[in-house]
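Counting begins at 1 with the first residue of the sequence.
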Amino acid sequence: MPRTVEGQITMEKTPSYFVTNEAPQRIHSMAKDTKLIVVVRNPVTRAISDYTQTLSKKPEISTFEVLAFKNRTLGLIDASWSALRIGIYALHLESWMQYFPLSQILFVSGERLISNPAEELAKVQDFLGLQRIITDKHFYFNKTKGFPCLKKPEDTGAPRCLGKSKGRTHPKIDPDVIQRLRKFYKPFNAMFYQMTGQNFEWEKEELES
């Protein structure tokens with residue numbers, strides 16, 4: 001990690017840390033006061049997005065429906081498939097809580113990061129002890145991408161939007177498979193809400209969809 005002088009914050013982003021068994025202990029031994037930010041979203045949507053990303057690189061892979069089940073007739077979900085396993089957030093969080101108190105972990109809602117980015121980033125700025133510089137005026141919603149884009153300060157250039165790998169159209173998934181996955185994740189989501197003290201309302205979102 002680069003040296004950080006007084007008045008600076010060094011940040012590093014690697015999504016796989018959260019699901020890597022060795023990561024909590026290694027980060028704790030390097031810098032036990034590290035603040036952690038975890039962006040989570042509805043695990044069913046996350047799994048489909050994960051699959052969409054893989055599909056773009058490997059068009060020959062099996063369908064989502066085939067990969068999601070050990071035995072579809074019996075309804076046995078294949079929780080060892082990484083696209084599904086990553087979304088069992090409670091399981092991964094247990095490892096982190098052995099080394100870090102919840103006061104050092106901020107959970108950001110992926111859904112609210114899209115629908116209300118300024119509000120989620122206000123929480124991030126507060127968590128990091130920063131002045132609230134980023135506000136509503138720094139964002140506009142790009143309808144083509146389906147994501148908010150960041151405006152450059154004082155209109156100094158083109159807005160910064162997420163790259164081509166983000167906002168891909170998801171393949172159509174059998175509604176029965178989605179329903180089974182929602183049922184599979186429900187107890188894990190409840191456990192995660194309890195552990196974090198936050199209700200991400202993924203079930204409410206599913207009822208509305």
To the nearest 0.5 Å, what is the distance between CD on E119 and CG on L113?
11.0 Å
Should V39 and E120 be marked as a side-chain contact (heavy atoms from CB on, under 4.5 Å) after you check the CA-CA gap, both sets of side-chain angles, and the distance that decides it?
CA-CA 10 Å; V39 182; E120 285 303 291; over 6 Å; no
Do F184 and P43 have side chains that get closer than 4.5 Å, going by heavy atoms?
no
Looking only at heavy atoms, what is the nearest atom pair of L102 and M195, with distance?
CD1-O, 3.0 Å
If you group Ile, Leu, Val, Met, Phe, Trp and Tyr by side-chain heavy-atom gaps below 4.5 Å, do V19 and M191 land in one group?
yes
Looking only at non-hydrogen atoms, find the nearest pair between Q125 and I133 and report the distance.
OE1-N, 2.8 Å
d(F139 CZ, L121 CG) to nearest 0.5 Å is 4.5 Å
Looking at side-chain heavy atoms only, is the closest gap between L36 and Q104 below 4.5 Å?
no
Classify the angle between the aromatic ring planes of Y99 and H28 as parallel (below 30°), tilted (30 to 60°) or perpendicular (above 60°).
tilted
Is the number of heavy atoms from other residues, nucleotides or ligands within 6.0 Å of CD (E65) greater than 12?
yes
Report the C-alpha separation of V40 and Q198 in whole Å, then their side-chain angles, then the decisive distance to 0.1 Å, and conclude whether the side-chain contact (heavy atoms from CB on, under 4.5 Å) test is met.
CA-CA 12 Å; V40 290; Q198 284 179 250; over 6 Å; no
Would you say I27 ends up clustered with L128 if hydrophobic residues are merged whenever their side chains have heavy atoms under 4.5 Å apart, either directly or through other cluster members?
no
What about F147 and I48, same hydrophobic cluster or not, with Ile/Leu/Val/Met/Phe/Trp/Tyr joined at side-chain heavy-atom distances under 4.5 Å?
no
When rounded to the nearest 0.5 Å, the distance separating OG of S82 from OH of Y51 is 13.0 Å
With a 3.5 Å distance limit and no angle check, can you tell me whether T14 reaches the backbone of Y17 through a side-chain donor-acceptor pair?
no
Parallel, tilted or perpendicular: which fits the ring planes of W202 and Y193, with parallel below 30° and perpendicular above 60°?
tilted
So how far is it from Q25 CD to M30 CE, rounded to the nearest 0.5 Å?
12.0 Å
R180 atom CZ: more than 12 heavy-atom contacts under 6.0 Å
yes
Please indicate whether Q131 has more than 12 foreign heavy atoms, meaning atoms of other residues, nucleotides or ligands, lying under 6.0 Å from its CD.
no
Taking every heavy atom of D176 against every heavy atom of D174, the minimum-distance pair comes out as N-OD1, 2.9 Å
Hydrophobic cluster identity match, I105 and M11, side-chain contacts under 4.5 Å:
no
Minimum heavy-atom distance N199-E201, with the two atoms named:
OD1-N, 2.8 Å
Go through the steps to decide whether R85 and S80 satisfy the test side-chain contact (heavy atoms from CB on, under 4.5 Å), and finish with yes or no.
CA-CA 6 Å; R85 188 174 173 78; S80 67; 5.8 Å; no
Does the side chain of E12 pick up a donor-acceptor pair with the side chain of T10 at under 3.5 Å?
no
Does any part of the side chain of F200, heavy atoms only, come nearer than 4.5 Å to the side chain of E111, both counted from C-beta?
no
Might you work through the ring pair (Phe, Tyr, Trp, His ring centres under 6.0 Å) test for Y89 and F107, ending with a clear yes or no?
CA-CA 11 Å; Y89 303 131; F107 297 94; 9.0 Å; no
Evaluate side-chain contact (heavy atoms from CB on, under 4.5 Å) for L93 paired with F192, printing each intermediate quantity in order.
CA-CA 8 Å; L93 182 56; F192 182 63; 3.9 Å; yes
Working to the nearest 0.5 angstrom, can you tell me the gap between I88 CD1 and N189 CG?
10.0 Å
What one should report as the nearest heavy-atom pair of P24 and S95 is CB-O, 3.9 Å
ILVMFWY network linking V108 to L130, side-chain heavy atoms under 4.5 angstrom:
yes
Should L84 and Y185 count as side-chain neighbours, where that means a heavy-atom distance under 4.5 Å?
yes
Kindly compute the distance separating NZ (K183) from CD1 (I77), expressed to the nearest 0.5 Å.
10.0 Å
Do F64 and W81 have their ring centres less than 6.0 Å from each other?
yes
Tell me whether T20 contacts the main-chain N or O of S16 through its side chain, where contact means a donor paired with an acceptor under 3.5 Å.
yes
Other residues, nucleotides and ligands only: do more than 12 of their heavy atoms fall within 6.0 Å of CD on E6?
no
Non-hydrogen atoms of A47 and A83 that approach each other most closely
CB-O, 3.4 Å
